[in-house]
Amino acid sequence: MKIKDVTATLWKWEDIPPTRYTRTVSSSEAGSTTMSLIRIVSDDGVEGRSFLGSALGSGERDANVLIGALKPMLIGQDPFDREKLWNTMMRRTRGSLIRPIGAVDVALWDLAGNALGVPIHKLIGSYRNSVPAYASSAVYATSDEYADEAAQIKQDGWTAYKIHPPGIPEIDVEICRAVRERVGSEYRLMLDSTWSYDYPQALRVGKAIEELDFYWYEDPLVEDDIYNYVKLKSLLRIPILATEFPAAGPTSYASWVTSQATDYLRGDVALKGGITSCLKTAHLAEAFHMNYEVHHGGNSLNNVANLHLIMSIKNCEYFEVLLPASVQKHGLVKDIDVGKDGLVHAFNGTGLGADIDFDLIDANTTAVLI
């Protein structure tokens, strides 16, 4: 079997509600973005697919780069040689095209699962069939909005709730206190400060949420501040979760592990170069008895790929669901659902096992890149 063709279909996603997850990054002010469906087709007609793009950023540029720079490396190659192809793409681009590489890798895994008639998590080697989900908030204007949402999430049976605060330490602590008071002392809460603080601020907020018995403290400092992460970790009892950024491959984690700068590692198929790359890091983390907590994938099909990854490793505790759904779910006939038991269950169709909404894509297609 050889790779015969690689294409990218661009389509418009309209009417995206304005949403913010950090102090500086919001969804498209125009209320729309461009998504891309990547197709890798073998010479015997088996196809693998992936998505590029999200409500927070267009996939058009990455799709053009994928077709222009990566497609020539793929044509004529064996699609089952994922390790060889991933290393070739990373080496020749010096890791600078991590999102397009991730999309290629996900599509190759999908193709292999389709060719063999098994879901990706079975192809890797399944560890489980379900995982607890946590709800991950947007940035809201008042403490009551967070508290109301957390109370509803708890009532709906979800196992945990994570706060994305405005990034102002005093306000962030006030929000954390309000949410803890509303949901009670036993419910699991996390704080993701999205790289907002300097070291003294991070320490003050960390001490405060320790007293509130939060479950983890995510990205309080900028993503390259290993020096201060080491200091922060040494003074806090609450587990630190870092390394969501930079957008880079497995070798970017080495200094975090050797410096003992974080308790958990973090990543997803979009930011870290696909399933192949994330598996490498998850196994690295496992060797040090660390969790590899998988981040939201940015779009619906990436989240399905993340779910297959989680089903095939033991050192990830949760599946992240970013709210609201209207900003995060697009392009599938049936998206990932959280059950009344708070669990997300494996997709067991072949490959990714997701039913892509081709009618929606065809109705909104703006270009096909070949």
Problem - Pair Tyr134 + Trp216: ring centers closer than 6.0 Å - result: yes
Can you tell me if [X] has over 12 outside heavy atoms packed within less than 6.0 Å of its [atom1]?
| X | atom1 | value |
| --- | --- | --- |
| Lys4 | NZ | no |
| Tyr227 | OH | no |
| Gln260 | CD | no |
| Lys207 | NZ | yes |
| Glu181 | CD | no |
| Arg82 | CZ | yes |
| Ile370 | CD1 | no |

Can you list everything that forms a salt bridge (Lys or Arg N to Asp or Glu O under 4.0 Å) with [X]? Sequence neighbours excluded, please.
| X | result |
| --- | --- |
| Lys154 | none |
| Asp224 | none |
| Glu293 | none |

Quick one: [atom1] on [X] to [atom2] on [Y], what's the gap to the nearest 0.5 Å?
| X | Y | atom1 | atom2 | result |
| --- | --- | --- | --- | --- |
| Ser193 | Leu191 | OG | CG | 3.5 Å |
| Leu236 | Leu203 | CG | CG | 6.0 Å |
| Asn291 | Asp263 | CG | CG | 10.0 Å |
| Ile226 | Ser259 | CD1 | OG | 5.5 Å |
| Ile240 | Leu232 | CD1 | CG | 4.5 Å |
| Asp15 | Ser326 | CG | OG | 10.5 Å |

Between [X] and [Y], a side-chain donor and acceptor under 3.5 Å:
| X | Y | result |
| --- | --- | --- |
| Asp268 | His296 | no |
| Thr194 | Asp219 | no |
| Tyr264 | Glu218 | no |
| Glu210 | Tyr217 | no |
| Trp109 | Thr276 | yes |
| Asp144 | Thr142 | no |

Practice task
Would you kindly confirm whether Tyr292 and Leu271 end up in one hydrophobic cluster when ILVMFWY residues are joined by side chain heavy atoms under 4.5 Å apart?
Solution key: no
Handout entry: Full working for side-chain contact (heavy atoms from CB on, under 4.5 Å) between Val104 and Leu85
Key = CA-CA 9 Å; Val104 167; Leu85 292 172; over 6 Å; no
Problem - Residues that Tyr229 engages under ring pair (Phe, Tyr, Trp, His ring centres under 6.0 Å), provided they are two or more places apart - result: Trp256
Handout entry: Tyr187: ring pair (Phe, Tyr, Trp, His ring centres under 6.0 Å) partners, not counting sequence neighbours
Key = none
Could you tell me which non-hydrogen atom of [X] sits nearest to which non-hydrogen atom of [Y], and how far apart they are?
| X | Y | answer |
| --- | --- | --- |
| Val269 | Cys278 | N-SG, 3.8 Å |
| Leu279 | Ser312 | CD2-OG, 3.9 Å |
| Ile67 | Pro72 | O-CD, 3.8 Å |
| Ser137 | Leu322 | O-CD2, 4.4 Å |

Short side-chain to backbone donor-acceptor contact, [X] and [Y], under 3.5 Å:
| X | Y | answer |
| --- | --- | --- |
| Lys71 | Val6 | yes |
| Asp81 | Lys84 | no |
| Arg180 | Gly184 | yes |
| Gln155 | Ala151 | no |

Are any of the side-chain nitrogens in [X] or [Y] under 4.0 Å away from the carboxylate oxygens of its partner?
| X | Y | value |
| --- | --- | --- |
| Arg188 | Glu317 | yes |
| Asp148 | Arg182 | yes |
| Glu223 | Arg266 | no |

Exercise for the section: Please report the C-alpha distance between Asp105 and Ser277 in whole Å, then the side-chain angles of each, then the deciding distance to 0.1 Å, and finally whether the side-chain contact (heavy atoms from CB on, under 4.5 Å) criterion is met. Expected result: CA-CA 9 Å; Asp105 186 74; Ser277 181; over 6 Å; no
Exercise for the section: Indicate the ring-plane relationship of Tyr21 and His164, choosing parallel, tilted or perpendicular according to the 30° and 60° boundaries. Expected result: perpendicular
Practice task
I would like to know whether Met89 and Leu74 meet side-chain contact (heavy atoms from CB on, under 4.5 Å); could you show each step before the answer?
Solution key: CA-CA 9 Å; Met89 290 185 292; Leu74 301 171; 4.3 Å; yes
Exercise for the section: Give the intermediate values and the outcome of salt bridge (Lys or Arg N to Asp or Glu O under 4.0 Å) for residues Lys2 and Asp43. Expected result: CA-CA 6 Å; Lys2 301 296 182 184; Asp43 54 7; over 6 Å; no
Problem - From Asn228, Asp225, Asp172, residue fulfilling side-chain hydrogen bond (donor to acceptor under 3.5 Å, both in side chains) relative to Tyr197 - result: Asp172
Side-chain donor-acceptor pairs of residues 339-356 under 3.5 Å, sequence neighbours excluded:
| residue | atom | partner | partner atom | Å |
| --- | --- | --- | --- | --- |
| Asp341 | OD1 | Leu343 | N | 3.1 |
| Asn348 | OD1 | His121 | NE2 | 2.9 |
| Thr350 | OG1 | Asn114 | OD1 | 3.0 |

